[in-house]
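Here the structure comes first, spelled out in structure tokens, and everything after it is commentary.
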Amino acid sequence: MNSEGSLPEGVAECFAIYGELESSCLFGSGHINTTFVSRWNQAGARVRYLHQLINDRVFLEPGEVMENIDRVTRHIASVLRGEGEADISRRTLTVVPSRDGRLFVRDGGGGWWRTYLFVERAHALDVVSSPSEAFFLGKAVGRFQRQLARLEGKRLNETIPGFHNMESRYRAFRGAVERDPLNRAGTAGAEIDFMLENEERGAVLTRALTEGRVPERVCHNDAKINNILIDDGDNRALCVVDLDTVMPGTCLFDVGDLIRTVAARAKEDERDLSQVEFDFPFFTSLVEGYLSEASSFLTTGEKELLAESGRNITHIMALRFLTDYLNGDTYYRTSRPGHNLDRARNQIALVRSMDRNREKITRFLLEAV
Ligand code: GN1
Ligand code: MG
């Protein structure tokens, strides 16, 4: 990346894009990949594209990531066509291949690049401000799962093996506490204790999946609020993006991540923990939106675990942020000292707030499903 944060020379031109490249700049707030937007003149029309440098320390097989994304986005587009939908290229991502027909381009340093059509007139949110926004976010994730419920062909590649496996996440956590390479464990005593006390309950989704009490499905695995694009016009969710982790899992991971990020009044790195509260009205609207698409395919086993899903994904995020803090911030992008510890504290506060609402959550779900 050069000093202005524009695309490295020559990368964008390797993709099958017509016209003249006018400018490019950094874009977005992801923790993992590096994203740019480019602006082109195509016969007098201004057109934008999105380019991403895939983090190949996190995704060890970027080619397999792209194979999944290509299959999934083509499938969603064909489902949308079947439903007579217009505006398909705003309702799913579209991969732009390289000039030699590949799904990615390698740069001189070995980096893996991909390109998508830029979805215009859309935005993402970090927090919701109304129950109606929560409803449409829930609906978008339910719709995504429904669209992929009948993806034919071989099982999708596991782009990060054991991604939401609580048991392996706890092994990594214990290793980090033992090694404590930067002597940080002393500054996170209360958080480490929280993890040790909550280990058993945290295994609930992992065990349900490995024991077959919930089915394996194609799911997103990172269905948090800011991975959903919303139409600037009518404020309804358009599509789910950030598809690197689309792979086999349980759909409870997705609804759980949505509960974590939609039914929370603060961003995941808010330091003022008095603001980190579970929001019951946002939660109920989001579940209603989700079930408006998903209730037709969810099994009884899945419905029974809905109540635990939000807490479970919030817990695993707290565990991963804390592990990364102890390891010296080697995984997530951070923008201040202690950022990962702040995130872990925030997510633990959210788990606690969910626990204070446990009875209400359970009662609501008994009625709703
Ligand atoms: C990462 O890249 P981004 O910000 O969408 C992470 C997710 C976490 C999330 C926390 C591949 O997602 O698992 O939920 O941060 N993605 C990966 O906000 O680890
Ligand atoms: Mg993202």
Residues Arg265, Glu270: salt bridge by 4.0 Å N-O rule:
no

What are the two closest non-hydrogen atoms of Val65 and Arg114, and how far apart are they?
CG1-NH1, 4.0 Å

Does the plane of the ring in Phe15 sit parallel, tilted or perpendicular to the ring in His51? Use 30° and 60° as the thresholds.
tilted

Answer with yes or no whether the side chains of Gln347 and Thr314 bring together a donor and an acceptor at under 3.5 Å.
no

Tell me yes or no: between the side chains of Thr159 and Asn157, is some donor less than 3.5 Å from an acceptor?
no

Ala134: which residues meet the side chain to side chain contact (heavy atoms under 4.5 Å, CB included) condition with it, sequence neighbours left out?
Val262, Phe282, Ser285, Leu286

Determine whether Phe194 and Ile316 fall in the same hydrophobic cluster, where Ile, Leu, Val, Met, Phe, Trp and Tyr are linked whenever their side-chain heavy atoms lie under 4.5 Å apart.
yes

Quick one: name the residues clustered hydrophobically with Phe135, using the 4.5 Å side-chain heavy-atom rule over I, L, V, M, F, W, Y, and just say none if it's on its own.
Phe136

Between Glu302 and Arg217, is the closest basic N to carboxylate O distance under 4.0 Å?
yes

Taking atom CD as the centre, does Glu211 end up with more than 12 heavy-atom neighbours from other residues, nucleotides or ligands that are less than 6.0 angstrom away?
yes

Regarding Arg184 and Asp329, does a basic nitrogen lie under 4.0 Å from an acidic carboxylate oxygen?
yes

Distance-only, no hydrogens or angles: does the Asn312 side chain make a donor-acceptor pair with backbone N or O of Glu308 under 3.5 Å?
no

Could you measure the distance from the CG atom of Asp242 to the CD1 atom of Ile32? Nearest 0.5 Å is fine.
9.0 Å

Just so I know, are the side chains of Phe173 and Leu326 near enough to count as touching, which here means a heavy-atom distance under 4.5 Å?
yes

Output yes when Arg207 and Glu167 qualify as a salt bridge under the 4.0 Å nitrogen-oxygen rule, no when they do not.
yes

Nearest heavy atoms of Cys251 and Leu298, plus distance in Å:
SG-CD2, 3.6 Å

Using the salt bridge (Lys or Arg N to Asp or Glu O under 4.0 Å) rule, collect all pairs that involve residues 340-355, keeping only residues at least two apart or in two chains.
Glu191-Arg345, Arg201-Asp355, Arg271-Asp342, Arg311-Asp355, Arg336-Asp342

Would you check if there is a donor-acceptor pair between the side chains of His339 and Asp269 at a distance under 3.5 Å?
yes

Give a yes or no answer on whether the side chain of Asp180 reaches the backbone of Ala185 with a donor-acceptor pair at less than 3.5 Å.
yes

Hey, is NZ on Lys303 packed in by over 12 heavy atoms from elsewhere, all under 6.0 Å?
yes

Side-chain donor or acceptor of Asp56 paired with backbone N/O of Phe59 under 3.5 Å
no

Can a donor-acceptor pair be found, under 3.5 Å and without considering hydrogens, that links the side chain of Asn346 to the backbone of Glu268?
yes

Closer than 4.0 angstrom, basic N to acidic O: yes or no for Glu199 and Arg174?
yes

Could you pull out the closest heavy-atom pair between Ala124 and Asn226, with the gap in Å?
CB-O, 3.7 Å

If two hydrophobic side chains count as joined below 4.5 Å and joins carry through other members, does Leu196 share a cluster with Val204?
yes

Does Glu83 CD have over 12 foreign heavy atoms under 6.0 Å away?
yes

Taking the side chain from Asp254 and the backbone from Asn221, do they hold a donor-acceptor pair closer than 3.5 Å?
yes

Output yes when a side-chain donor or acceptor of Ser353 lies under 3.5 Å from a complementary backbone atom of Ala349, and no otherwise.
no

Residue pair Leu322 / Met195: nearest heavy atoms and the distance that separates them:
CD2-CG, 3.8 Å

Quick one: closest heavy-atom pair of Trp40 and Ser38, and the distance?
NE1-OG, 2.7 Å

Would you say Val127 ends up clustered with Phe283 if hydrophobic residues are merged whenever their side chains have heavy atoms under 4.5 Å apart, either directly or through other cluster members?
no

Donor-acceptor check, side chain of Asn227 to backbone of Asp222, threshold 3.5 angstrom: yes or no?
yes

Do any N or O atoms from the side chain of Arg333 and from the backbone of Gly30 form a donor-acceptor pair under 3.5 angstrom?
yes

If we ignore angles and hydrogens, is there a donor and acceptor under 3.5 Å between the side chains of Tyr325 and Thr334?
no

According to a hydrophobic-cluster definition based on side-chain heavy atoms being under 4.5 Å apart (Ile, Leu, Val, Met, Phe, Trp, Tyr only), do Val79 and Val241 belong together?
no

Using modelled atom types and a 3.5 Å cut-off, is there a donor and acceptor pairing between side-chain atoms of Asn165 and backbone atoms of Thr206?
no

Could you check whether Arg90 pairs with Asp231 (Lys NZ or Arg NE/NH1/NH2 to Asp/Glu carboxylate O, under 4.0 Å)?
yes

Please determine which of Gln147, Arg146, Gln145, Arg143 meets the side-chain hydrogen bond (donor to acceptor under 3.5 Å, both in side chains) test together with Glu293.
Arg146

For the pair Arg46 and Glu120, find out whether any cationic side-chain nitrogen is under 4.0 Å from an anionic carboxylate oxygen.
no

Non-hydrogen atoms of Phe253 and Ile313 that approach each other most closely
O-CG1, 3.6 Å

Between Val177 and Tyr331, is there shared hydrophobic-cluster membership here, with clusters defined by ILVMFWY side-chain heavy atoms closer than 4.5 Å?
yes

Thr250 (side chain) donor-acceptor with Glu216 (main chain) under 3.5 angstrom
no

